[in-house]
Amino acid sequence: MGKFEVLDHPLIQHKLTLIRDKNMGTKDFRETVNEISTLMAYEVSRDMPLEDVEIETPIIKTTRKQLTGKKVAVVPILRAGLGMVDGILDLIPAAKVGHIGMYRDETTLKPHEYFVKLPSDIDQRQLFVVDPMLATGGSAIMAIDALKKRGASSIKFVCLVAAPEGVKALQEAHPDIDIYTASLDDSLNEDGYIVPGLGDAGDRLFGTK
Ligand SMILES: O=P(O)(O)OC[C@H]1O[C@H](OP(=O)(O)OP(=O)(O)O)[C@H](O)[C@@H]1O
Ligand SMILES: O=c1cc[nH]c(=O)[nH]1
Ligand SMILES: [Mg+2]
């Protein structure tokens with residue numbers, strides 16, 4: 001079974017509380033989601049492998065560490081996942097970005113895929129699949145199905161808020177992936193929204209309500 005981690009750094013927790021407030025406007029919401037995503041990228045990249053490399057400082061030759069292993073691609077689940085991309089690229093600027101478009105039918109809560117555009121070498125890359133909300137888990141499961149079908153094998157899923165139902169479903173469907181969230185919330189309501197949650201992340205990021 002992959003990891004399941006709640007990233008409880010105080011800065012992440014504080015900023016998450018700020019964006020839960022229904023009175024926060026689009027500009028501040030977008031900026032703060034990016035800030036949280038940068039902090040989460042720092043935590044999620046903790047286990048990136050290092051190798052020894054010989055360098056020469058102005059003083060002596062020495063052997064020090066540099067990153068090795070798979071290069072990264074960030075894969076936002078559209079639309080709301082887009083809100084996390086720039087914050088992650090601030091820390092990992094050389095990462096490629098793939099896009100998976102997914103919307104959840106408001107009545108059935110079933111996800112529908114409408115767009116997939118990925119770097120050609122996703123089978124060689126460490127993927128960070130990002131979406132602020134893991135609710136029923138349907139969208140994340142379908143997005144990761146689409147990635148695996150195209151050869152992806154190293155996948156971390158990063159969200160801001162997760163419902164217990166979504167975590168369970170995602171772990172059952174894809175037991176090999178690591179899941180990182182800033183919060184494990186209480187439950188889902190009858191409309192499929194996370195409680196307490198932060199509302200509709202896509203609408204709040206893009207002002208579409
Ligand atoms: O776990 P699930 O039950 O599948 O729900 C979570 C999905 O719902 C939201 O997207 P939405 O369908 O609202 O699309 P949007 O990002 O374009 O607003 C959210 O960003 C996730 O992708
Ligand atoms: O609470 C939720 C659930 C799904 N999608 C959202 O944007 N918010
Ligand atoms: Mg939405």
Side-chain angles (χ1 to χ4, degrees), residues 2 4 6 15-34 36-37 40 74-88 97-118 127-148 152 155-175 177-209:
F4 171 71
V6 178
K15 289 174 191 288
L16 183 63
T17 300
L18 293 179
I19 63 169
R20 286 184 192 274
D21 186 336
K22 68 177 187 182
N23 294 316
M24 179 180 261
T26 297
K27 172 180 176 289
D28 289 339
F29 187 87
R30 202 182 284 144
E31 284 175 6
T32 314
V33 167
N34 267 313
I36 297 171
S37 303
M40 291 185 79
V74 183
V75 182
I77 301 177
L78 310 183
R79 288 173 305 163
L82 287 173
M84 300 175 69
V85 174
D86 287 347
I88 296 176
V97 181
H99 295 85
I100 297 194
M102 205 71 87
Y103 73 89
R104 197 174 73 146
D105 183 293
E106 281 176 13
T107 346
T108 64
L109 302 184
K110 294 274 173 274
H112 295 270
E113 184 185 296
Y114 60 86
F115 186 73
V116 180
K117 183 74 183 174
L118 301 167
L127 304 187
F128 292 171
V129 178
V130 300
D131 189 328
M133 312 308 278
L134 179 66
T136 65
S139 304
I141 291 169
M142 193 179 264
I144 292 167
D145 284 340
L147 292 168
K148 286 186 174 173
I155 301 175
K156 292 174 186 279
F157 180 79
V158 186
C159 62
L160 303 187
V161 180
E165 294 88 335
V167 174
K168 183 166 179 286
L170 183 54
Q171 283 178 326
E172 280 172 10
H174 295 293
I177 70 155
D178 294 334
I179 304 171
Y180 299 86
T181 185
S183 175
L184 180 61
D185 272 18
D186 299 343
S187 57
L188 288 179
N189 69 15
E190 59 281 4
D191 298 319
Y193 280 87
I194 301 175
V195 182
L198 48 78
D200 189 302
D203 285 341
R204 294 197 64 193
L205 275 166
F206 299 110
T208 45
K209 194 77 189 179

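Along the sequence shown, the residues carry numbers beginning at 1. What you are looking at is a predicted structure, and each value in this text was computed from that prediction instead of being measured. Order of listing sets the numbers, starting from 1, for every ligand and every atom in it.
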Considering non-hydrogen atoms only, spot the tightest contact between [X] and [Y] and give its length.
| X | Y | answer |
| --- | --- | --- |
| I155 | K148 | CD1-CG, 4.1 Å |
| S183 | L16 | CB-CD2, 3.5 Å |
| A152 | L127 | CB-CD1, 3.4 Å |

Residue pair L205, L82: steps toward the side-chain contact (heavy atoms from CB on, under 4.5 Å) verdict: CA-CA 9 Å; L205 275 166; L82 287 173; over 6 Å; no
Proximity winner for atom 8 (N) of ligand 2, if only heavy atoms of P196, G199, G202 are counted: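 Heavy atom nearest to atom 8 (N) of ligand 2 belongs to G199.
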Shortest heavy-atom approach to atom 5 (O) of ligand 1 - which of R104, M102, E106: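 Going through R104, M102, E106 one by one, R104 has the nearest heavy atom to atom 5 (O) of ligand 1.
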Does any N or O of ligand 1 fall below 3.5 Å from an N or O anywhere on [X], backbone included?
| X | value |
| --- | --- |
| A140 | no |
| P132 | no |
| A135 | yes |
| D203 | no |
| Y114 | no |

Non-hydrogen atom of G192 closer than 4.0 Å to ligand 2: yes
Ligand 2 contact by R204, heavy-atom criterion under 4.0 angstrom: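 No, that is not the case, since the closest heavy atom of the residue is not under 4.0 Å from the ligand.
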Roughly how far, to the nearest 0.5 Å, is [atom2] of [Y] from [atom1] of [X]?
| X | Y | atom1 | atom2 | value |
| --- | --- | --- | --- | --- |
| M102 | D131 | CE | CG | 9.0 Å |
| I19 | L198 | CD1 | CG | 5.0 Å |
| K156 | M40 | NZ | CE | 12.0 Å |
| S37 | D86 | OG | CG | 9.5 Å |
| D200 | D191 | CG | CG | 11.5 Å |
| H99 | R79 | NE2 | CZ | 14.0 Å |

Distance filter under 4.0 Å to [X] heavy atoms, resulting ligand 1 atoms:
| X | answer |
| --- | --- |
| Y103 | 12 (O) |
| G138 | 1 (O), 4 (O) |
| R79 | 15 (P), 16 (O), 17 (O), 18 (O) |
| G137 | 1 (O), 2 (P), 3 (O) |
| A80 | 16 (O), 20 (O) |
| G202 | 18 (O) |
| D200 | 13 (O), 18 (O) |

Proximity to ligand 1 by part of D131, non-hydrogen separation under 4.0 Å: side chain
I'd like to check which ligand 2 atoms, numbered from 1 as shown, lie under 4.0 Å from a non-hydrogen atom of [X].
| X | answer |
| --- | --- |
| A201 | 6 (C), 7 (O) |
| R104 | 3 (C), 4 (C) |
| A135 | 3 (C), 4 (C) |

List, one per line, each side-chain donor-acceptor pair under 3.5 Å for residues 134-147, sequence neighbours excluded.
from: T136; atom 1: OG1; to: G138; atom 2: N; distance (Å): 3.2
from: D145; atom 1: OD1; to: H174; atom 2: NE2; distance (Å): 3.1

Over-ring placement of R20 relative to F29, 6.0 Å and 45° cut-offs: no
Ligand 2 to I194 polar contact by distance, N or O atoms, under 3.5 Å: yes
Sub-4.0 Å heavy-atom contact, A201 with ligand 1: no
Whether L78 lies under 4.0 Å from ligand 1, heavy atom: yes
